[in-house]
Protein chains: 2
Amino acid sequence: MTTIYDIAKAAGVTATTVSNVLSGKGSVGAATKARVLKYVQELDYQPNLIARSLIKGRTGVIGLVVGDMNNPFYAETTAAVERLAYTAGLRVFTTTFSGEDQVGQKLLEDLILRQVDGILVTSGSWSEQQTIRSVSAMQLPIVYCFWEGTQPTSLLSIALDFKQGGFLAGQHLLSLGHRRVGVITCFDSEGNDAHGIRVAGLQTALSQHGLLLDSTLLLNGQSSMEGGKVAAYKLLTHPDPPTAIFATTDAMAIGAMTAAWELGLQIPRDLSVVGLDDISLAKYVVPSLTTITIDRVAVLSHAIKLLLDSIDGQQVTSPPPFSVSLVIRGSTGRCP
Amino acid sequence: MTTIYDIAKAAGVTATTVSNVLSGKGSVGAATKARVLKYVQELDYQPNLIARSLIKGRTGVIGLVVGDMNNPFYAETTAAVERLAYTAGLRVFTTTFSGEDQVGQKLLEDLILRQVDGILVTSGSWSEQQTIRSVSAMQLPIVYCFWEGTQPTSLLSIALDFKQGGFLAGQHLLSLGHRRVGVITCFDSEGNDAHGIRVAGLQTALSQHGLLLDSTLLLNGQSSMEGGKVAAYKLLTHPDPPTAIFATTDAMAIGAMTAAWELGLQIPRDLSVVGLDDISLAKYVVPSLTTITIDRVAVLSHAIKLLLDSIDGQQVTSPPPFSVSLVIRGSTGRCP
DNA sequence: ATGAAAGCGCTAACAA
DNA sequence: TTGTTAGCGCTTTCAT
């Protein structure tokens, strides 16, 4: 590896001068500059970002904590974050909570040891929040995305109006004549209902029609296609089965569709299904999935801006919840 | 941030001693050791990995270059790499080629500037290979995964027997009585057929039955659900349409299924579809997708081992291609 | 068993 | 315009 010293020696100048040429700071004579640049070329000099980070106290890297990369929602989110951060001149060090919280804790600490300038968390579930809170004792800027809670938090966070999401889903189903709605939600590793406010939104819609959510129709599973499938099996073999299912994530909704199909039910003729996330796949499943969509780019852009400002030492505050909207596709129809 | 100096001062010793305690090297008196450790606790000391990297010339981080994070295959692969690397004591810096090769080149170089110890590439398409070859002039260990080529390469790579994959798909369709098979493959940004050998495998199967692939039934699109959908539309509105479609990736296969459905065709009654990748989604689409499966953990474990050995300066060679196998699910049936 | 000194590659004061 | 000096936080000889 060539260092600035190598090219300094070659060009007959000092390391400082080379540094100045490279950074454009200070003032360097045209001739010297040309000579330095020549050797930079010739010796194929590449700056050592590690050394630069050490002295600057900044790495230009943000850490990204992702819930579950196998869930398309997070994978797509990760891609978006990377792209947005890139245009903001930042690189992203991605880390996934591989289910086990201990590992998550470890990875998060490791992120800090590697001197990331800030951390972005794209996951709203509670147990992870605990982990993060404990770590955010370090005064490293940290922004919490897709925040699921309702109560205000001391953490910098971007919330989504998931309650409205559940409400819109409910309204839509009710307008199609459905009165018996099953719900598939998910609990996190600590047993807390990770998507409580999504369900609450649905309940609000139901109660506006004088209906109550049948508690035997409220199931929880893993937030995955498999989890949705398992839960849907139970719902659909219920003595008094629902005519519609609201799953709090698209992944679970898709699993529910698979279950329905295996049980010989046709969607949307015999059963309507609504998801939440609008993963890219939602358009391609058969029939396409009615769901609640989130303007992810808007959310993530804001999150990154917040993080950047926070890194720059500015005083920043969490914005009000972003609203979500309903996308009607093929998986919902009139109540049979 | 507390440094070793802070705790050295507190404990009344030298930075060297602290370092020794922390690393377990050298020899330190029991009393001193305890005292140092006490202050490590008290002052909540966290080592600065950047500084350590600078001096050691190693970061303990490998770079991962991913083709397209929106493609579940790569997302799932990324999760697996991260997990496997973690158990090997490595962290992963993930970078995605966001379509544009210039950005890819930039990100790759950046990975190098950040002093990753090695690079893992999980993408077999040719244009990226060019980029990587140009960069691998640096003698940084680099392992190329899911290598698509047939000819031997100077790069360290793990190849898959994609030809066999195409062959198995073809054999399966032929055994079901299909004689007219459409193919959806994809070209990379430079116009090369990225999946040529997958198609070649299919052709081999056909020719064993005295059949030739109708070139008007060989289409290419983007390797995404949308790409598959577009291509399938063309195939299915062909004057003499195929009774079966082989898509060289699951994402495209799923898009093809969507197209079929929109055209009122029922799978597998009217049309059989075979994919390749066995993404987790393949089990959950309706009907579930018959596809070619890859033992990803085996491949990636081997890749990481190769990379590690290479980093350790060992002489390593590329293994023979990993074989793949057919998974028969619901999307294929007898020729109508 | 402990410490002094040097240095990884780079940048930032401050002088000259 | 250029050079000198010092130091980011840590490890590693080599002395003591």
Side-chain angles (χ1 to χ4, degrees), chain A residues 1-40 43-61 109-117 138 140, chain B residues 1-40 43-61 109-117 138 140:
Chain A
M1 274 285 85
T2 23
T3 72
I4 49 170
Y5 284 101
D6 296 323
I7 87 159
K9 196 190 296 175
V13 292
T14 286
T16 310
T17 306
V18 177
S19 178
N20 282 335
V21 170
L22 260 28
S23 65
K25 289 179 184 167
S27 39
V28 194
T32 330
K33 184 171 175 178
R35 200 148 29 89
V36 166
L37 253 22
K38 193 187 98 190
Y39 286 108
V40 164
L43 302 179
D44 189 31
Y45 168 77
Q46 311 272 98
N48 183 330
L49 260 38
I50 293 284
R52 197 174 282 175
S53 297
L54 182 59
I55 191 172
K56 291 234 178 191
R58 281 230 196 156
T59 52
V61 175
E109 280 170 3
D110 193 74
L111 232 38
I112 294 167
L113 301 188
R114 293 196 188 280
Q115 311 293 115
V116 292
D117 295 340
M138 346 266 338
L140 191 67
Chain B
M1 273 287 83
T2 20
T3 73
I4 49 169
Y5 284 101
D6 296 324
I7 88 159
K9 196 191 296 174
V13 291
T14 286
T16 312
T17 306
V18 177
S19 177
N20 281 336
V21 170
L22 260 27
S23 65
K25 288 178 185 166
S27 41
V28 194
T32 329
K33 184 169 174 180
R35 200 148 28 90
V36 166
L37 254 21
K38 191 187 99 192
Y39 286 106
V40 163
L43 302 179
D44 189 31
Y45 168 77
Q46 311 273 100
N48 183 329
L49 261 37
I50 294 283
R52 196 174 284 174
S53 296
L54 181 60
I55 191 172
K56 291 234 179 190
R58 280 231 195 155
T59 53
V61 175
E109 281 170 2
D110 193 74
L111 231 38
I112 294 168
L113 301 188
R114 293 197 187 279
Q115 312 292 114
V116 293
D117 295 339
M138 346 267 337
L140 191 67

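All of these numbers come straight from a predicted model, not from anything done at the bench. Lettering follows sequence order; numbering is per chain, from 1.
When each of A:R52 and B:G29 is assigned the nucleotide of DNA chain C with its nearest heavy atom, B:G29 is the one assigned upstream, toward the 5' end.
With A:T59 contributing its side chain and A:S53 its backbone, the two residues share no donor-acceptor pair below 3.5 Å. Checking side-chain atoms of B:T14 against main-chain N and O of B:T16 turns up no donor-acceptor pair under 3.5 Å.
The separation between A:I50 atom CD1 and C:dT11 atom P is 13 Å, rounded to whole Å. The CE atom of A:M1 sits 14 Å away from the C1' atom of C:dC8 (whole-angstrom rounding). Atom CG of A:N20 is separated from atom C1' of D:dG3 by 11 Å (rounded to the nearest Å). In this structure, B:N48 atom CG and D:dG9 atom P are separated by 7 Å, rounded to whole Å. The CD1 atom of A:I7 sits 14 Å away from the P atom of C:dG9 (whole-angstrom rounding). In this structure, CG of B:L49 is placed 9 Å from P of D:dT11, rounded to the nearest angstrom. The interatomic distance linking B:L54 (CG) with C:dC8 (P) rounds to 9 Å, in whole Å. Atoms CD (B:Q46) and C1' (D:dC8) sit 18 Å apart, rounded to a whole Å.
The distance from the CD1 atom of A:I50 to the CZ atom of A:R52 is 11.5 Å, given to the nearest 0.5 Å.
Residue contacts shown for A:T3 are limited to sugar-phosphate atoms, with no base heavy atom under 4.0 Å away. Heavy atoms of B:T32 sit under 4.0 angstrom from primed sugar atoms or phosphate atoms, though from no base atom. Across all strands shown, B:T17 has heavy atoms under 4.0 Å from sugar-phosphate atoms exclusively, and none from any base.
Shortest non-hydrogen contact noted between A:G57 and A:D117 is O-OD1, 4.4 Å. Taking both residues in full, the closest heavy atoms of A:A15 and A:A8 are given as N-CB, 3.8 Å, listed atom of the first, atom of the second, then distance.
Residue A:S27 places its side chain closer to D:dT2 than to any other of C:dG3, D:dT11, D:dT2. With distances taken from any side-chain atom of A:I4 to the nucleotides D:dC10, C:dT11, C:dA12, the minimum falls on C:dT11. Comparing C:dT2, D:dT11, C:dC10 by their closest approach to the side chain of B:I55 singles out D:dT11. Proximity note for A:Y45 (side chain, C-beta onward) versus C:dG9, C:dG3, C:dC10: the nearest is C:dC10.
Taking side-chain N and O atoms only, B:K25 has no distance below 4.0 Å to OP1 or OP2 of D:dT11. Taking only side-chain nitrogens and oxygens, B:K56 never comes nearer than 4.0 Å to OP1 or OP2 of D:dT11. Considering only side-chain N and O atoms, A:K33 lies nowhere under 4.0 angstrom from the phosphate OP1 or OP2 of D:dT1. Between D:dC10 and B:S19, no contact under 4.0 Å exists linking OP1 or OP2 to a side-chain N or O. For the OP1/OP2 pair of C:dT2 and a distance below 4.0 Å, the side-chain nitrogens and oxygens of B:T16 include no atom meeting the criterion. For C:dG3, neither phosphate oxygen OP1 nor OP2 lies less than 4.0 angstrom from any side-chain nitrogen or oxygen of B:Y5.
Partner of B:V18 under the side-chain contact (heavy atoms from CB on, under 4.5 Å) criterion, chosen from B:V13, B:D6, B:T32: B:V13.
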